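Below: one structure, written as structure tokens.
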Amino acid sequence: MKVLKKWICAGAILMAVGTGGMTAQAADAGSINQADYKKALETAPMGIVMDGEDAAVTTEKTDSQNRSKAEIVSGNNPSVPNGQVVSMTRHQSEYASIWSKHGSEFELTKPQTTSMWLYFGNQYSASGEGMAFAIHNDARGVNAMPELNKKGSVPGETLGVWPSDTVRTQGEAAGLAKRGIQNSWALEFDTHQNIKSGGRAAGQADSFDLEFENSKVGDHIASNHPGSSASFIQHVDSGVLWTGNTPINVMHYYYHIQHVGMIGDKSNSNYLSNGQWRHLTLKWQPANHEGNSYGQMTYVFDDKDPKTGERLNGREQTVNVNVNTIDPDRNGKARWGLAGTTTTKFASNQLAVFEKAPDLIDGKTTTTLKNLTRKKEVKAGDEVFAKDKLELSYQFNYQDGQQANWANIQSYLKLPTDIDYDKAEVTYSNGQVQNISLDDRQDQSINVFLAEKLNKDVATASIRFTGRAAAVDDRREVASTTSKYTSNVMIGELTTPDFVINPSQELTLTVTSDQHLSLPVNEATTITGQVDLDSAATLAHDEPIWVHVTINGKVQKEPIKVAEDGTFKVTLQANQLQKGDNVIEVVATSGELRSNAEEVTISCSGCLELTAPSDVSFESKQLTGQRQELKRGDGWELSVQDTRGAGSKWRLSVKAATFVNEVGDHLLGKPVYATREGKTPIEKEMTPIVTHETTKKQAKNHNVYGVTDDWDHQTGMFLSIDDGATTGNYQGELTWSLDDVPS
């Protein structure tokens, strides 16, 4: 008997039947566009070092079934020596992924910032499929990927993170979700619309973008949870399959993604694959309290110019991210990285440069220029004199971090001009010294690689250059320089101050008193110093020397005559100074001679000080189970001294931790602060209890304000006990805060 099978589709329905995947062709079917790939490497921006044992990321996999083709390659940008690039996809029908190593995880309980450059090729409408940034706790670790289709490939529309929609009989979204990366959140950069629908969509893995079927959205950025059923909308295609004369009702299924936080351009469907490097910054804000399962991820795209590196506004979205979905075991961490795919029809060169890993290290850099001859730091706009001994330092400081080592630190230094350098070295906090050959300079540029890793044992490294300011005949301005560095977790810039070189001076002024002072507003102080003539000038010069004083930019009328031994004193009265910081500049002149200018900073802010007891008590009293109020015990003495001058204001606040007895029971009750107007409960957040303005009399006498002096049996601090409180010896903690209040 011959069996006749017929499939009858049921009109305008939402589902279809089909088989097959989108990445069946072998990964070595030929490169996509060699010229485009070459251009991408030649324009690749600077990023972190991604190879070596201290790298935060890896392309290596431990599962032979993993099909990833991602690899670390060398960039060819002449302005980025030794640059490294992740080559994600270079061929048709390809899948790639790069994930963080163990010990370099994304910390979900702390604010995090990470940034990267992404390249999506120049295929425009023929581009595909795209890439995705993801954080996950998939048990497969670096091997995490969607399930393979029947031909052993990763379907293109998954972008390497979403589930494989290749089972047309998958009637539950939960079943679909299991075929993607589990316990994850992903941000997709989709360069090809997958909008197949109807009778041939089911099982084809080509429908995830049906949300945009009737819109002008093409390339787009969006997010959701690949391993969660809530991320997918089901489409159903029903029909009748005839076996002989027997009809069989058949249901087939396919799905689209709910795109959250979408960024796209309806006027430009080829928004991503435009032959340019694109910058991405992600900022993570964890859940704001323990019971909240949602953190927030803010992503900003195109926030840097790919050619200049200058900041741009970019396009921004903030989305809620379910931490319980990513981290069901509550370990507080997640693996992070990138994945991407291409297909036989839609393929692009896709590359990435990680600019900053999540906050794995708290590392700081500073740049200082010191005048060793004058024993002072040279700040922006300052003067030095010809042949002054100078020291230029670039400091790297490891302060803390999840990552054990701040390593592979490579600096590309551009040294200031007009310094005759004579020595260079790196000094480490463990006493090690690394020599630098000045012969390695090319004009003003020199590259320095730190041979030591920085960590808790070796916390600092300082790259030091010493030399003398150039011998100049006329005043010469030396421009600021900006250098760059890269490492295993971040890149950054190192900027030197601009300064001026003056010819050898005949008149030199030195401040011999402290150059940073702090004193109450109603006191006076004296600045002392020394003025010297060089030997040649002394023989021919018999005019008096005067010191001119400028206070906060205002030149004082009367200069001060320098004594015969070259010393001088500048006495400043309280009424000459303003509240806050005062900048005092002194410069000496004698006839046509003029000395260097020196600055003294006087902080005229006085003192605001709280005196509080370390141990106080409330009265011991039998608890009745009823509401009652306990009086203060001994030791309650609080006072505030404010020497900042009349009109200064301050505010005293207090917060209370829960009172607990010896067996861990919490007291049903809390402290209260009572005034004539009423009572204020003291909670776990700071509560203001006293605000005061210093009077003229108090300022004159530096009087102490006794906070507790006016407390009596009806006012001050008490302990309020609620109904049901049980007997016990309870202890708690009060925290006081004294704050300046603007006038």
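It should be emphasised that the depicted structure is a prediction, and the values quoted were computed from it without experimental measurement.
Counted by atom type alone, D209 and H259 present one or more donor-acceptor pairs between their side chains at under 3.5 Å. A donor and an acceptor atom, one from each side chain of S115 and T281, are nowhere located under 3.5 Å apart. Side chain to side chain, N77 and S79 meet the donor-acceptor criterion of an N or O pair below 3.5 Å. With 3.5 Å as the limit, one finds no donor-acceptor pair spanning the side chains of Q258 and N224. Judged by distance alone, the side chains of T368 and Q395 do bring a donor and an acceptor atom under 3.5 Å apart. A donor-acceptor contact under 3.5 angstrom links the side chains of H220 and E188, judged on distance only. Looking at T486 and Q410, their side chains never bring a donor and an acceptor atom within 3.5 Å of each other. If you check the side chains of N488 and N408, you find no donor sitting under 3.5 Å from an acceptor. Side chain to side chain, T367 and T496 fail the donor-acceptor criterion of an N or O pair below 3.5 Å. Judged by distance alone, the side chains of Q399 and N397 do bring a donor and an acceptor atom under 3.5 Å apart. No hydrogens or angles considered: nothing links the side chains of S74 and N82 as a donor-acceptor pair under 3.5 Å.
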- Item | Worked verdict on L360 versus E107 for side-chain contact (heavy atoms from CB on, under 4.5 Å) | CA-CA 8 Å; L360 303 178; E107 292 202 68; over 6 Å; no
- Item | Test side-chain contact (heavy atoms from CB on, under 4.5 Å) applied to L415 and R441, step by step | CA-CA 10 Å; L415 304 177; R441 282 180 299 171; 4.1 Å; yes
- For D443 and S445, run side chain to side chain donor-acceptor pair (under 3.5 Å): C-alpha distance rounded to whole Å, both residues' side-chain angles, the deciding distance at 0.1 Å, then the answer. CA-CA 6 Å; D443 296 325; S445 298; over 6 Å; no
- Message: For a side-chain contact (heavy atoms from CB on, under 4.5 Å) check, start with the C-alpha distance between L312 and E310, then their side-chain angles and the critical distance, and finish with the verdict.
- Response: CA-CA 7 Å; L312 303 174; E310 293 183 1; 5.6 Å; no
- Show your reasoning for whether side-chain contact (heavy atoms from CB on, under 4.5 Å) applies to L108 and I135. CA-CA 10 Å; L108 297 168; I135 53 178; 4.2 Å; yes
- Item | Working for ring-ring contact (aromatic ring centres under 6.0 Å, His included), residues F133 and Y299 | CA-CA 11 Å; F133 173 86; Y299 41 92; 9.9 Å; no
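Between the S411 side chain and the L413 main chain, no donor and acceptor come within less than 3.5 Å of each other. With hydrogens and angles disregarded, a donor-acceptor distance shorter than 3.5 Å links the side chain of Q84 to the backbone of M50. Side-chain N or O atoms of S273 include none that pairs as donor or acceptor with a backbone N or O of T191 at under 3.5 Å. Judged by distance alone, with hydrogens and angles left aside, the side-chain atoms of T158 form a donor-acceptor pair with the main-chain N or O of G160 at under 3.5 Å. Looking only at distances, a side-chain donor or acceptor of S231 sits under 3.5 Å from a matching main-chain atom of H225. Side-chain N or O atoms of K423 include none that pairs as donor or acceptor with a backbone N or O of Y421 at under 3.5 Å. Remark: the backbone N or O of F449 is paired with a side-chain donor or acceptor of Q434 at under 3.5 angstrom. The backbone N or O of K414 sits less than 3.5 Å from a side-chain atom of T481, completing a donor-acceptor pair. Under the 3.5 Å distance criterion, the side-chain polar atoms of S348 are left unmatched by any main-chain donor or acceptor of Q123. Side-chain atoms of D219 come within 3.5 Å of backbone atoms of Y271 as a donor-acceptor pair (strictly under, hydrogens ignored).
One distance of note links CG of L41 with CG of N349; it measures 8.5 Å at 0.5 Å rounding. Atoms NZ and CG, on K38 and N33 in that order, are 12.0 Å from each other to the nearest 0.5 Å. Remark: D440 CG to I446 CD1 distance equals 5.5 Å, nearest 0.5 Å. Atom OG1 of residue T341 and atom CD of residue Q350 lie 7.0 Å apart, to the nearest 0.5 angstrom. Distance NZ/K101 to CD/Q403: 8.5 Å, rounded to 0.5 Å. How far CD1 of I72 is from CG of D51: 7.0 Å, rounded to the nearest 0.5 Å.
By the 4.0 Å N-to-carboxylate-O rule, R90 lies too far from E94 to be salt-bridged with it. Between D54 and K453 there is a salt bridge, since at least one side-chain N of the basic residue sits less than 4.0 Å from a carboxylate O of the acidic one. In summary, D362 and K364 engage in a salt bridge, as defined by a charged side-chain N under 4.0 Å from a carboxylate O. Comment: D327 does not engage K333 in a salt bridge, judged by the lack of any side-chain N to carboxylate O separation of less than 4.0 angstrom. Of the charged side-chain nitrogens involved, at least one lies within less than 4.0 Å of a carboxylate oxygen, so that K356 and D359 count as a salt-bridged pair. Remark: K376 does not engage D388 in a salt bridge, criterion side-chain N to carboxylate O under 4.0 Å.
In this structure, the side chains of E211 and M262 stay at 4.5 Å or more apart for every pair of heavy atoms. Taking the side chain as every heavy atom from C-beta outward, L390 and N371 approach each other to under 4.5 Å. Looking only at side-chain heavy atoms (C-beta outward), L282 and M297 come within less than 4.5 Å of each other. Here the side chains of Y37 and I32 are not in contact, with every heavy-atom distance at 4.5 Å or above. Counting heavy atoms from C-beta on, the side chains of E129 and F208 never come closer than 4.5 Å. Residues V321 and V323 are not in side-chain contact: their nearest non-hydrogen atoms beyond the backbone lie 4.5 Å or more apart. In this structure, the side chains of S480 and T495 come closer than 4.5 Å at one or more pairs of heavy atoms. The side-chain heavy atoms of I48 and V489, taken from C-beta on, include no pair separated by under 4.5 Å.
In this structure, R278 forms no cation-pi arrangement with F189, as its terminal cationic atom is not both closer than 6.0 Å to the ring centre and no more than 45° off the ring axis.
In this structure, W117 and H279 have perpendicular ring planes: the angle between them is above 60°, well past the 30° mark.
Few gaps surround CD on E425; more than 12 heavy atoms of other groups in view lie less than 6.0 Å from it. Atom OH of Y294 has 12 or fewer neighbouring heavy atoms from other residues, nucleotides or ligands inside a 6.0 Å radius. In the displayed structure, K389 atom NZ is contacted under 6.0 Å by more than 12 heavy atoms of other residues, nucleotides or ligands.
Residues F396 and Y485 bring their aromatic ring centres within 6.0 Å.
The ring-ring contact (aromatic ring centres under 6.0 Å, His included) with H136 is formed by just one residue from the set W336, W185, W99, F106; it is W99.
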